[in-house]
Structures are given as structure tokens and as C-alpha cells.
Amino acid sequence: MTNDHYRMRIAVLFGGTSEERDVSIASAAQIIPALRALGHEVFAVDTASGRLGFAQERQLLSAAVAPAPPSTTDIARVRGGAMVLSPQSFDLHETDVVFIALHGGAGEDGRVQALLDLAGIPYTGSNHIASAAAMDKELSKRLFRSVGVPTPDWLMAPATGDAAGAVLGWPMVVKPNKQGSTVGLSVVRSGAQLQEAIDLALQFDDEVMLERFVPGREFTVGILEGAALPAGEIISPGEIFDYSSKYQTNGAREIFPADIPAAESAMLQEYARRAHGVLKLGCYSRIDFRRDDAGNYWCLEANSLPGMTATSLLPQAARAAGIEFPELLDRICRCPQGALIKAR
Ligand SMILES: Nc1ncnc2c1ncn2[C@@H]1O[C@H](COP(=O)(O)OP(=O)(O)O)[C@@H](O)[C@H]1O
Ligand SMILES: [Mg+2]
């Protein structure tokens, strides 16, 4: 570690009440011991239940991610018991930084960031405006196009099968506009299946996106401190990178750096820097792409709080650049908070 290493007091914020609660618990379970091993003083705060004692911490953080996201009844139970996250959850004067290990929901859409800003508490990642913009897939896509980053055509529901099919062709992807981890997403093959897919997506968001399906390969590019990390390829067992391929061991094969020509990899990195920059994202992010059979790349979305277990995609990308997991976390903790880091 670098010479300027000093011991920080870090609150790791995790859990929450989004569909990605389990994913967040998995991230925190690896972030917390890694930060402690670096010598930092770390305490764990579940935004649904408050600051954890050691025994609670050990119990909650030892669970693996289940094959499917928590059910609506599970989530309702956690939400029902939810405390209101407040600055009292932290020891205001003694916390150097809050490490946001939340995924989805209020932790990823900017609300938690805004709360921390109001309380004057520094935190990792992106500020509230960039977080909100990245969470909104449609807004993100408009911004991607404004800086020349290709993104597949789309429509917003309501739409009839005939009208949508004429614009987007079949199959098409139907997804909640603000959701992650492939929750509520369907690949729809005909007009007859469209409404059912829209109704499913509506369970997770009041806005639903219909998007042209991009067959082919899938890639992702991590950004750290404004610089693009090596691109990686994700090879899923099925047609899309779904919840179980994302979080089950051997669910998908991930190749870092991706086996593509150097010029294509440089272009992907350029697209990722532009996408990160136009959304005004902070210290780090991860941008997802598909590559069609003609070799064109299409940006799907930007993740302001990508998965953060040691084997998640962003940490793998960092490793391909020679940055091991603890160093990655340390650098994320040291990024200027809420500051726009210019793409370079
Ligand atoms: N337009 C599309 N064409 C092909 N596959 C898609 C498309 N949109 C999403 N997918 C698949 O679904 C996965 C999740 O979609 P994404 O837009 O990244 O949302 P999120 O990860 O936030 O749930 C992608 O990783 C990809 O495998
Ligand atoms: Mg994605």
C-alpha cells in the first residue's frame, strides 16, 4: 500500500430494502473484512436495521446470494421493519467516509447520497444527481446518444405489439426503467407476449422500457478515477445475463481482458469514458454493452454502484489492470467525494 496510507474510520452501508438486498449483503461481506485487513476501523450499518454488533454482522454477512432475488413478501417484511436511515446511524464526528455497498433502490438512485450530503457526511461513489441519472435507463440512453455512444432503439410503455414490433422488431427486451440485476426483465418474441412482460416490469417500476434486442456477445467496462479499466466479456449460459448467472458460482464465465481486437477494446473504453462522463458519475462505475454479429457495440446502461465482491466484474477488471481488491477499495475510499472526476 502507498505511503500516505492512514487508518480511516469507515461505515459500510449495506442491505437496504431493494430487490438487490442480497447482492448488497454479498458485497458488504467481502468489503468489510478487506477494509479491516487494510487497517481501517470499520463498522457495518444495514439501512434496514441499523448498526450491527459483531454477532449480528457475522450472521448476516455469512449468507450466500440465493438463486433468485428476495420475494415481494421478504422485501415487504424488511421494509415493514425498516428504520428511517438517519445521521444518527453513524457516529457523525468520527466517520471519515461512508462506503456505500448498497445496490438498487434508494442506495443507488441518489436518495441515500442526498441524505448523506445534507448531513455533511462524505461517501464513496457518485453524487445524488449522477446516481439518479444512471438509475434511469431512458435518461441515460438519451445522454449516451448526445455524446455519440450507440445505444439500441427503444420505446416506453404503453405500446401495442404491432406498433412496438414495427419500430423495434422481434424479439425485443422489456424491462423496468429503474431496476437492476435483470429483475423484471423479459425477452419477448411476439406481440401476444408483450402485455404480460410489461405487467411484470410494472411490478418493479412505474416506467417500462421496450428495447431492441441485440443478439451476440456481452461486454462490460469498469471506470476507476475517471480512467477506463480493461474491457471484459461475459459469457452467460443463456441468451441474457440473468439474476442467477450473475450471482451463482459458475453462472457465467467472465474473461478479463476480453478477447477482442485492440482497436475494438479501445473503442469500448472510449464509449465507457463518455458514458461515465456524460452522466457525471464519480470515482467509479461499470458500463454494460452488447456486440451484435456485425461487430457493432451498443451501450445498455451504466451502473453507479456495481457489484463489489472480490469476484464481481469491476474488481475483476481492476485486477486485469494490476489493482487487487483491497487496493481498489482503498482507492474508492480516497476519491474526492461528490466531486466530478474528469474523464481522462
Ligand atoms: N437490448 C438488449 N439486447 C440484448 N440483451 C439485453 C438487452 N437489454 C438487456 N439485455 C440483457 O439483460 C441483462 C440486464 O439488462 P440491463 O439493461 O443491463 O439491466 P440491469 O443489469 O440493470 O438489470 C443484460 O446484461 C443483457 O444480458
Ligand atoms: Mg446491467
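Order of listing sets the numbers, starting from 1, for every ligand and every atom in it. Sequential numbering from 1 along the given sequence is applied to the chain's residues.
Summarising the contacts of atom 13 (C) of ligand 1 with Trp154, Phe219, Phe241, the nearest heavy atom is found in Phe241. In this comparison of Asp153, Val173, Asp242, the heavy atom closest to atom 7 (C) of ligand 1 sits on Val173. Nearest to atom 1 (N) of ligand 1 by heavy-atom distance, out of Glu239, Arg212, Glu301, is Arg212. The closest heavy-atom contact to atom 3 (N) of ligand 1, among the options Asp288, Val214, Thr220, Leu300, comes from Val214.
Here Glu270 pairs with Arg273 in a salt bridge; the nearest charged N to carboxylate O distance falls below 4.0 Å. With respect to Asp292 and Arg212, no salt bridge is recorded, no charged nitrogen being found less than 4.0 Å from a carboxylate O. Under 4.0 Å is where a charged nitrogen must lie from a carboxylate oxygen, and between Glu233 and Arg291 no such pair does. For the pair Arg334 and Asp330, the salt-bridge criterion is met [side-chain N within less than 4.0 Å of a carboxylate O].
The aromatic ring centres of Tyr297 and Phe219 sit less than 6.0 Å apart.
Nearest non-hydrogen protein atom to atom 19 (O) of ligand 1 is Lys137 CE, 3.3 Å. Scanning the protein for heavy atoms near atom 17 (O) of ligand 1, the closest one is Lys175 NZ, 2.7 Å. At the top of the distance list for atom 23 (O) of ligand 1, counting protein heavy atoms only, stands Thr182 N, 2.6 Å. The nearest heavy-atom contact from the protein to atom 27 (O) of ligand 1 is Glu218 OE1, 2.6 Å. Atom 15 (O) of ligand 1 has its closest protein heavy atom at Leu185 CD1, 3.5 Å.
Side-chain contact of His103 with Ser27: a donor-acceptor pair under 3.5 Å is present, judged by distance alone. The closest side-chain donor-acceptor pair between Gln195 and Asp199 falls under 3.5 angstrom. Checking Tyr247 against Ser181 by side-chain atom types alone, a donor-acceptor pair falls below 3.5 Å.
Asp288 contributes OD2 as its N, O or S atom closest to the Mg ion (ligand 2). Within Glu301, the N/O/S atom positioned nearest the Mg ion (ligand 2) carries the name OE2.
Both cation-pi conditions hold for Arg51 and Phe43: the charged atom is under 6.0 angstrom from the six-membered ring centre and inside a 45 degree cone around its axis.
Annotation: Asn303 places no N or O atom under 3.5 Å from an N or O atom of ligand 1; distance criterion only.
For Lys246, the closest heavy-atom approach to ligand 1 falls below 4.0 Å.
Numbered from 1 in the order shown, with element, the atoms of ligand 1 that lie under 4.0 Å from a heavy atom of Glu211 read 1 (N), 2 (C), 7 (C), 8 (N).
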Should Asp153 and Arg145 be marked as a salt bridge (Lys or Arg N to Asp or Glu O under 4.0 Å) after you check the CA-CA gap, both sets of side-chain angles, and the distance that decides it? CA-CA 10 Å; Asp153 286 340; Arg145 286 203 170 161; 2.7 Å; yes

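Contact annotation for Ser181 and ligand 1: only backbone heavy atoms (N, CA, C, O) come within less than 4.0 Å of the ligand.
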